[in-house]
Trainee: 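Take this structure, written in structure tokens, and hold onto it; I'll ask about it next.
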Number of protein chains: 2
Amino acid sequence: MTKTSITLPDIAAAAGVSKSTVSLALQDSPKIKPETKRKVLKAAKQLGYVYNRAAANLRRRSSEIIGMVINDLTNPFFAELAVALERSFTDSGYVVMMANTSEDMQQQEKVVRTFAEHGAAGIVICPVFGTSYEQLTSHTMKGLPIVSVMRPIEGNACDFISPDNIAGSQAVTAHLLAQSFTRLAFLGGLDNTSVYESRLAGFKTAVSKAGIAMEACEILPCPPTREAAAKLIMERAKQGPLPEAIVCYSDVVAFGVSFGLDRSGFKAGKDVAVTGFDDIQGCNVFSPSLTSVHIYTDQLAKLASESLINRLKDPERPISNQTVMPKVMIRESSILNK
Amino acid sequence: MTKTSITLPDIAAAAGVSKSTVSLALQDSPKIKPETKRKVLKAAKQLGYVYNRAAANLRRRSSEIIGMVINDLTNPFFAELAVALERSFTDSGYVVMMANTSEDMQQQEKVVRTFAEHGAAGIVICPVFGTSYEQLTSHTMKGLPIVSVMRPIEGNACDFISPDNIAGSQAVTAHLLAQSFTRLAFLGGLDNTSVYESRLAGFKTAVSKAGIAMEACEILPCPPTREAAAKLIMERAKQGPLPEAIVCYSDVVAFGVSFGLDRSGFKAGKDVAVTGFDDIQGCNVFSPSLTSVHIYTDQLAKLASESLINRLKDPERPISNQTVMPKVMIRESSILNK
DNA sequence: CTGAAAGCGCTAACAA
DNA sequence: TTGTTAGCGCTTTCAG
């Protein structure tokens, strides 16, 4: 909190005008004569005045604070998302409070409440799976505008921005299929979560469109972490011939798979084609570079901030779901015989 | 901002007590009879009351808001640092506002001021190189507690937390030297920046301790980005035999070098030993895994939050500089002949 | 143990 | 165009 307690009255006295004139002048109101404004601004600068937004917000009953709550910031993809969101909101003149929930529903409820207590105008959230608007707002912060990104809020109560997971997954699977692979696997992700279902659905669609029986394919869910994926693929490697190509739930999972393959004596992009999803920064570091589905995180963030800001302006506007079409980025990991 | 305007008077009325009793009860003051407290709490819950911290802070002239300003959030290392800082402060009951400066001094001054206006109790910052306390506070937010991480604020005006860059760099260089390499290079980083100077100094110390003439070594500074490093090493590769081992300024730089080597027909960890610095998450993804200097980001973040919180409690305490000893993590990229 | 009253720094009618 | 007057929702002496 600002230590120096220079306040409106102080600068009013210095400029020889009234408190409210100063207030208006600081807001650059057209009601104030230019000369007076200059006088006020000069006095303010001279006294080292720091505007107290908290006080202004209290009086005005509004704020330019956005609460950003993210399910897992240690996951590089979500960290990238958070950064993009911060940028979007900051660019629009908001200031963002951030919090991690570690996929913990309790924690999530707590931080949303904390943000509400701090006067957040709205919340942008990548929620824990299974979150509903009611539990988020504890039935008590009704009307707190919330937009969710990547993962929906149950009951369609909130604006929602996400990549087209089905299309992306289908496209990357098709890219693999185009190489005449017939034994594919979909690996990673948690059963019964929306993102998993969508990405798996895209995979299945592509497979059946290619006239391949799903029985020829393996579905291997696991927590979407590097460690879990590595462990899973290492165990799988012991149990017989690997699939020719593995469509991974996410890049993090793909990194884990790649690592696990390595430890099992196989090489991604050589013995097995591997693809990721999200196209995070790491994808083209080292070799083989990882084929992935680019989901335009910046664009998602931009849509999210626009959505939320629009809702702030008009709370009654209909709820909207927006989807961004992803793009397959073909790199080394998915092309064998290199 | 909370839409529902349930306020202290409302719950006072509902509970049949006064405003101030409610306030005290909500703070769990020992002055209030347990029974009254219960009554108040129940009424509050029932009415869906949301505590207004902004108002409380205004009155109390304090806040539990920390402003976190980071030079480059698109750099995965700083993103990891930001996440660790958020966690530390949140764990201590603070809420953090975050902002990126993109290494832009103007932007940096702006966000610090914005945070001050929002009533931040203190600032944790990884500053743009060359930042001084005076410019940060525009001579006007005097006394705003600031702690810097990784990079110092000029003039030693602020608490400062950093890894021991010299020791880390020296250690990782020594690890290379132990393999009897004689032609080493230090690559990446910007001249005249404190981190660069330290890491380079560690390199030089190790080299001369090994009895090798610095003339046998190359110093190749460049912006600490993947792209710049890749470009630099590719150009260097055209100009004759590469050094046997390259100590990189950071992991990001090392990734760039590894990539550039690949494009030039060489292989990190096979033709050239490569090491990074920071030990970010990506280091052991793919192969070769990257030897790096682990700098205990979590610990740095913890010290930073403790420092700042202590200063909040006692603004007069002497300024402290804390250093964390790093640890070399040996992986594949630095061991040839595998 | 509880209530009354003043005020944090600002904005917003309403007057002048 | 500017000043006066009330508060925003909360905490905090000070009385009772």
Side-chain angles (χ1 to χ4, degrees), chain A residues 1-41 43-44 47-65 116-121 140-141, chain B residues 1-41 43-44 47-65 116-121 140-141:
Chain A
M1 191 113 241
T2 321
K3 288 295 170 212
T4 65
S5 267
I6 307 296
T7 65
L8 283 202
D10 295 329
I11 118 156
V17 294
S18 83
K19 219 172 99 162
S20 31
T21 300
V22 176
S23 176
L24 267 342
L26 256 29
Q27 298 173 73
D28 200 27
S29 157
K31 295 175 165 180
I32 304 292
K33 198 161 47 173
E35 196 197 313
T36 313
K37 273 184 199 169
R38 254 190 324 249
K39 213 165 49 182
V40 167
L41 261 356
L47 293 176
Y49 172 70
V50 176
Y51 184 64
N52 184 330
R53 265 169 219 286
N57 290 341
L58 174 59
R59 180 57 234 243
R60 191 196 287 121
R61 304 149 126 279
S62 73
S63 92
E64 48 279 328
I65 299 173
E117 293 183 349
H118 276 284
T140 192
M141 292 160 282
Chain B
M1 191 115 241
T2 321
K3 288 296 169 212
T4 64
S5 266
I6 306 296
T7 65
L8 283 202
D10 295 329
I11 117 157
V17 294
S18 83
K19 219 172 101 162
S20 30
T21 301
V22 175
S23 176
L24 268 342
L26 256 29
Q27 297 173 71
D28 199 27
S29 157
K31 294 175 165 182
I32 303 294
K33 194 160 52 172
E35 197 197 313
T36 311
K37 275 185 197 168
R38 251 187 328 236
K39 213 166 47 181
V40 167
L41 260 357
L47 293 176
Y49 172 70
V50 176
Y51 184 64
N52 184 330
R53 266 170 217 287
N57 290 341
L58 175 59
R59 179 59 234 246
R60 190 195 288 121
R61 301 148 128 278
S62 72
S63 90
E64 49 280 328
I65 299 173
E117 292 183 351
H118 275 284
T140 192
M141 292 160 282

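First the proteins, then the strands, lettered A, B, ... as listed; each starts at 1. Side chains included, hydrogens not; waters and symmetry mates left out as well; all remaining heavy atoms used.
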Trainee: Could you walk me through whether B/Val17 and B/Thr36 pass the side-chain contact (heavy atoms from CB on, under 4.5 Å) test, one step at a time?
Mentor: CA-CA 8 Å; B/Val17 294; B/Thr36 311; 4.1 Å; yes
Trainee: Looking at DNA chain C, which of residues 34-41 of chain A put a heavy atom within less than 4.0 Å of it?
Mentor: none
Trainee: I'd like to know whether A/His118 forms a side-chain contact (heavy atoms from CB on, under 4.5 Å) with A/Ile65, so could you lay out the CA-CA distance, the side-chain angles of the two residues, the decisive distance to 0.1 Å, and finally the verdict.
Mentor: CA-CA 9 Å; A/His118 276 284; A/Ile65 299 173; 5.6 Å; no
Trainee: Students should find this one: the first and last nucleotides of DNA chain C, 5' to 3', lying under 4.0 Å from a heavy atom of chain B. What are they?
Mentor: C/dC1 to C/dG9
Trainee: Keeping A/Lys37 on the side-chain end and A/Ser29 on the backbone end, is there a donor-acceptor pair under 3.5 Å?
Mentor: yes
Trainee: Could you measure the distance from the OG atom of A/Ser23 to the OH atom of A/Tyr51? Nearest 0.5 Å is fine.
Mentor: 6.5 Å
Trainee: What is the bend of the helix from C/dC1-D/dG16 to C/dA16-D/dT1 when you compare the axis at one end with the axis at the other, using five pairs each and rounding to 10°?
Mentor: 30°
Trainee: Of all heavy-atom pairs between A/Ala55 and B/Leu58, which one has the smallest distance, and what is that distance?
Mentor: CB-CD1, 3.9 Å
Trainee: Can you measure from CG (B/Asn52) to CG (A/Asn57) and round to the nearest 0.5 angstrom?
Mentor: 10.0 Å
Trainee: How would you summarise protein contacts on nucleotides 8-16 of chain D per nucleotide, using B for base, S for sugar-phosphate only and - for none, with heavy-atom distances below 4.0 Å?
Mentor: BBBBB----
Trainee: How many angstroms lie between atom OG of A/Ser18 and atom CG of A/Leu8, to the nearest 0.5 angstrom?
Mentor: 9.5 Å
Trainee: So, taking the atom named OG1 in A/Thr21 and the one named CD1 in A/Ile11, what distance separates them when rounded to the nearest 0.5 Å?
Mentor: 10.5 Å
Trainee: Look up atom CG in B/Leu24 and atom NZ in B/Lys33, then write down how far apart they are to the nearest 0.5 Å.
Mentor: 14.0 Å
Trainee: Under the salt bridge (charged side-chain N to carboxylate O under 4.0 Å, His left out) rule, what pairs show up with a residue in residues 5-25 of chain A, not counting sequence neighbours?
Mentor: none
Trainee: Examine distances only and state if a side-chain atom of B/Ser63 and a backbone atom of B/Gly119 form a donor-acceptor pair shorter than 3.5 Å.
Mentor: yes
Trainee: Listed by chain and number, what are the salt bridge (charged side-chain N to carboxylate O under 4.0 Å, His left out) partners of B/Lys39, not counting sequence neighbours?
Mentor: none
